[in-house]
K.L.:
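Sharing a structure with you now.
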There are 2 protein chains.
Amino acid sequence: MSLSETDDIEGGEILSLHQRILSDIREKILSGAWAPGHRIPFEHELTAHYNCSRMTVNKALSQLAKAGLIERRRRSGSFVRQPQSQAAVLELHDIRIEVEALGLPYRYERLERLKRRSSAEDRARLGLSQSGPVLALEGMHFAGERPFALEQRLINLSAVAEAAEEEFLQIAPGPWLIGRVPWSEAEHRIRAMAADETIADALDIDASAPCLVVERRTWSAEHPVTHVRFIYPAESHTLVARFTPSQG
Amino acid sequence: MSLSETDDIEGGEILSLHQRILSDIREKILSGAWAPGHRIPFEHELTAHYNCSRMTVNKALSQLAKAGLIERRRRSGSFVRQPQSQAAVLELHDIRIEVEALGLPYRYERLERLKRRSSAEDRARLGLSQSGPVLALEGMHFAGERPFALEQRLINLSAVAEAAEEEFLQIAPGPWLIGRVPWSEAEHRIRAMAADETIADALDIDASAPCLVVERRTWSAEHPVTHVRFIYPAESHTLVARFTPSQG
DNA sequence: CGTCCCAATATGTATATACATAATCGCCAT
DNA sequence: ATGGCGATTATGTATATACATATTGGGACG
């Protein structure tokens with residue numbers, strides 16, 4: 001019920017009061033000592049316990065509320081929330097980084113480059129409502145001499161006109177776009193797929209072998225920028241996502 | 001360079017000053033008006049612009065810094081950060097929810113239940129260092145009459161003793177565990193795999209058909225709790241992850 | 001007995017203020 | 001030139017205070 005007797009603990013790191021309140025309460029919740037639904041002490045009680053001002057307590061509680069660990073209700077108090085949907089953070093690195101992390105030399109090679117007016121399929125991929133110029137690219141990321149991932153990309157030239165001038169022979173379009181276009185939103189779709197003949201050929205795997213497909217659509221201030229599909233042979237790649245409720 | 005002339009804008013919602021500062025600056029960054037590396041106005045300039053106290057500005061900037069949009073350097077000012085690694089939030093819902101979202105009746109059925117001392121493989125899956133009792137479960141999630149996902153689960157009975165008493169005949173272990181065990185950390189691995197004979201049989205798909213595999217390891221206060229592997233037929237499932245830099 | 005309204009209460013937001021801390025600039029002495 | 005040192009500056013953290021706002025509980029009154 002009450003907070004732990006941390007008053008005499010000395011061995012820890014140097015934490016600001018703010019951070020100490022945060023981690024104290026988080027620990028109570030994550031350890032289960034304060035179950036979902038439990039009412040945590042009122043601000044004025046914490047103020048007394050930590051011998052600090054209400055502002056400091058308030059900031060810490062507001063942060064916990066924003067992180068989704070607690071819910072605050074006026075006149076009633078603050079309550080531990082039910083564990084919500086399992087949300088995990090998926091870090092999608094640049095492929096060069098991934099390959100180099102394996103200790104293998106990285107190389108990108110363009111397979112195809114086509115400038116055209118957007119087809120209906122292109123518009124569906126990009127989420128465009130009207131026709132316009134697009135750049136369709138296909139390229140291979142190599143780890144050493146082995147194909148690592150096949151990239152199929154569509155760039156909306158109305159949003160990124162400069163891309164029309166770029167050949168992308170050895171420069172992968174991903175890193176090129178980052179830094180040039182401030183992207184404000186992205187959507188990822190992850191699925192498994194059997195390699196068709198063309199893909200199997202390009203990746204040098206058996207036809208109908210399983211592949212991991214990661215598709216990403218990117219917007220910049222409401223405008224669709226690019227759609228990209230990465231196709232990895234199943235054995236070459238695993239995505240790792242980690243969830244930690246600590247974010248303060 | 002300067003902030004937009006929002007002084008005469010009236011049509012917007014009712015926002016607190018704090019939120020208005022946040023969204024103003026976020027908009028500048030996401031629209032690209034303030035490129036990465038750009039120094040945003042000093043706190044005292046924003047104080048003057050919004051005609052408010054430094055504390056209010058400071059809180060907003062601190063929040064942007066925590067969200068990763070800006071970087072703050074003492075004596076130098078605050079700067080727009082380079083877009084970092086593509087981090088996406090992956091929501092992993094309960095399978096019942098997923099199935100019901102498709103408008104199909106949901107059903108869980110236990111296939112196997114085995115209590116044993118942990119084998120070396122079990123310990124590897126759970127991340128345990130020493131031997132102890134575990135519960136191995138296998139079950140099927142159905143969407144209507146079609147198999148939707150195969151679940152292979154391992155529960156560390158040293159961490160969740162009560163699980164030993166539970167039959168899990170129609171109750172899926174996932175929902176059962178949530179609420180009983182406060183989990184503090186989870187790691188997910190996502191990959192593609194070809195169905196072997198057993199799996200293909202269980203899921204009623206062709207042998208060596210591609211599957212999406214989602215593995216999750218869960219800890220509660222440093223103790224491994226459970227390891228679960230969900231195997232989805234490729235055509236039945238796509239994971240969707242969304243990234244928005246806005247989180248204020 | 002039910003309904004309306006007010007007072008009490010907990011959180012929400014903002015201010016002015018103070019001092020700490022880290023980094024940089026420029027001056028000065030070598 | 002150059003190396004060090006102190007003043008300046010911007011952010012970091014905390015306090016006391018004030019008023020706003022939402023919600024609950026209880027009392028007055030029909």
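All of these numbers come straight from a predicted model, not from anything done at the bench. To find a chain, count down the sequence lines: A is the first, B the second, and so on, and within it residues start at 1. Both backbone and side-chain heavy atoms feed into the values below; hydrogens, waters and symmetry mates do not.
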K.L.:
Please report the distance, rounded to the nearest Å, between CD in B:E43 and C1' in C:dA16.
P.N.:
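Spelled out: CD on B:E43 to C1' on C:dA16 is 15 Å.
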
K.L.:
Have a look at the helix from C:dC1-D:dG30 to C:dT30-D:dA1 and give the angle its two end axes make, five pairs each, rounded to 10 degrees.
P.N.:
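Axis angle across the helix from C:dC1-D:dG30 to C:dT30-D:dA1, nearest 10°: 10°.
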
K.L.:
To the side chain of A:R75, which of C:dT13, C:dC25, D:dG25 is closest?
P.N.:
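Shortest atom-to-atom distance from the side chain points to D:dG25.
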
K.L.:
Measure the distance from CD on B:E71 to P on C:dA22 and round it to the nearest whole Å.
P.N.:
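Roughly 16 Å, once rounded to whole Å.
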
K.L.:
Heavy atoms only, 4.0 Å cut-off, all strands: where does A:L61 land among base, sugar-phosphate and nothing?
P.N.:
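Result for A:L61 = nothing.
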
K.L.:
Is it possible for you to check whether B:R107 lies under 6.0 Å from the centre of the six-membered ring of B:F142, through NZ or CZ, and within 45° of that ring's axis?
P.N.:
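Yes; both conditions hold, so B:R107 lies above the ring face of B:F142.
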
K.L.:
Is the phosphate of C:dA10, meaning OP1 or OP2, less than 4.0 Å from a side-chain N or O of A:R72?
P.N.:
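The answer is no; no side-chain N or O of A:R72 sits under 4.0 Å from OP1 or OP2.
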
K.L.:
Between D:dT15, C:dA14, C:dT15, which nucleotide has the shortest distance from any of its atoms to the side chain of B:C52?
P.N.:
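Per side-chain heavy atoms of B:C52, the pick is C:dT15.
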
K.L.:
Between D:dT21 and A:R74, counting only base atoms on the nucleotide and side-chain atoms on the residue, is there a donor-acceptor pair under 3.5 Å?
P.N.:
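A donor-acceptor contact between them is present.
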
K.L.:
In sequence, state the C-alpha distance, the side-chain angles, and the governing distance for B:H188 and B:R216, and then conclude on side-chain hydrogen bond (donor to acceptor under 3.5 Å, both in side chains).
P.N.:
CA-CA 5 Å; B:H188 299 84; B:R216 170 159 57 223; 3.1 Å; yes

K.L.:
How many whole angstroms separate atom OH of B:Y50 from atom P of C:dA14?
P.N.:
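That distance rounds to 13 Å.
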
K.L.:
Quick one: closest heavy-atom pair of B:G174 and B:R153, and the distance?
P.N.:
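Heavy atoms of B:G174 and B:R153 come nearest at CA-NH2, 3.5 Å.
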
K.L.:
Considering just the side-chain nitrogens and oxygens of A:T56, establish if one lies under 4.0 Å of OP1 or OP2 belonging to D:dT15.
P.N.:
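Yes, such a contact exists.
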
K.L.:
Starting from the 5' end of DNA chain D, give me the residue, B:S76 or A:R54, whose nearest nucleotide shows up first.
P.N.:
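Result: B:S76.
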
K.L.:
Looking only at N and O atoms, is any donor in the side chain of B:R73 or the base of D:dT11 less than 3.5 Å from an acceptor on the other one?
P.N.:
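Flag unset: no donor-acceptor pair detected.
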
K.L.:
Whole-Å distance between C:dT15 P and A:M55 CE?
P.N.:
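Spelled out: CE on A:M55 to P on C:dT15 is 11 Å.
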
K.L.:
Rounding to an integer number of Å, can you tell me how far A:F42 CZ sits from C:dT9 C1'?
P.N.:
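After rounding, the reported distance stands at 9 Å.
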
K.L.:
Is A:R81 salt-bridged to A:E71, going by a charged N under 4.0 Å from an acidic O?
P.N.:
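Result for this pair is no, no salt bridge flagged.
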
K.L.:
Roughly how many Å is it from CG in A:N58 to C1' in D:dA16, rounded to a whole number?
P.N.:
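Distance check: A:N58 CG to D:dA16 C1' gives 14 Å.
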
K.L.:
Tell me whether B:R242 is salt-bridged to A:E185, with the criterion being a basic N under 4.0 Å from an acidic carboxylate O.
P.N.:
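Looking at B:R242 and A:E185, the cut-off is met.
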
K.L.:
Over how many whole Å does the gap from A:K59 atom NZ to D:dG12 atom C1' extend?
P.N.:
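It works out to 8 Å between those atoms.
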
K.L.:
What is the distance from CZ of A:R39 to C1' of D:dT23, rounded to the nearest Å?
P.N.:
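Nearest whole value for this atom pair: 15 Å.
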
K.L.:
Describe, in one word, how the ring planes of A:H44 and A:F42 are oriented to each other, choosing from parallel (under 30°), tilted (30 to 60°) and perpendicular (over 60°).
P.N.:
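Rings of A:H44 and A:F42: parallel, as their planes differ by under 30°.
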
K.L.:
Cation-pi check for A:Y108 against A:R96: NZ or CZ below 6.0 Å from the six-membered ring centre and within 45 degrees of the axis, yes or no?
P.N.:
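Judged by the rule, A:R96 and A:Y108 form no cation-pi pair.
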
K.L.:
With respect to the phosphate group of C:dG12, does any side-chain polar atom (N or O) of B:S16 fall under 4.0 Å of OP1 or OP2?
P.N.:
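Checking B:S16 against C:dG12: no side-chain N or O falls below 4.0 Å of OP1 or OP2.
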
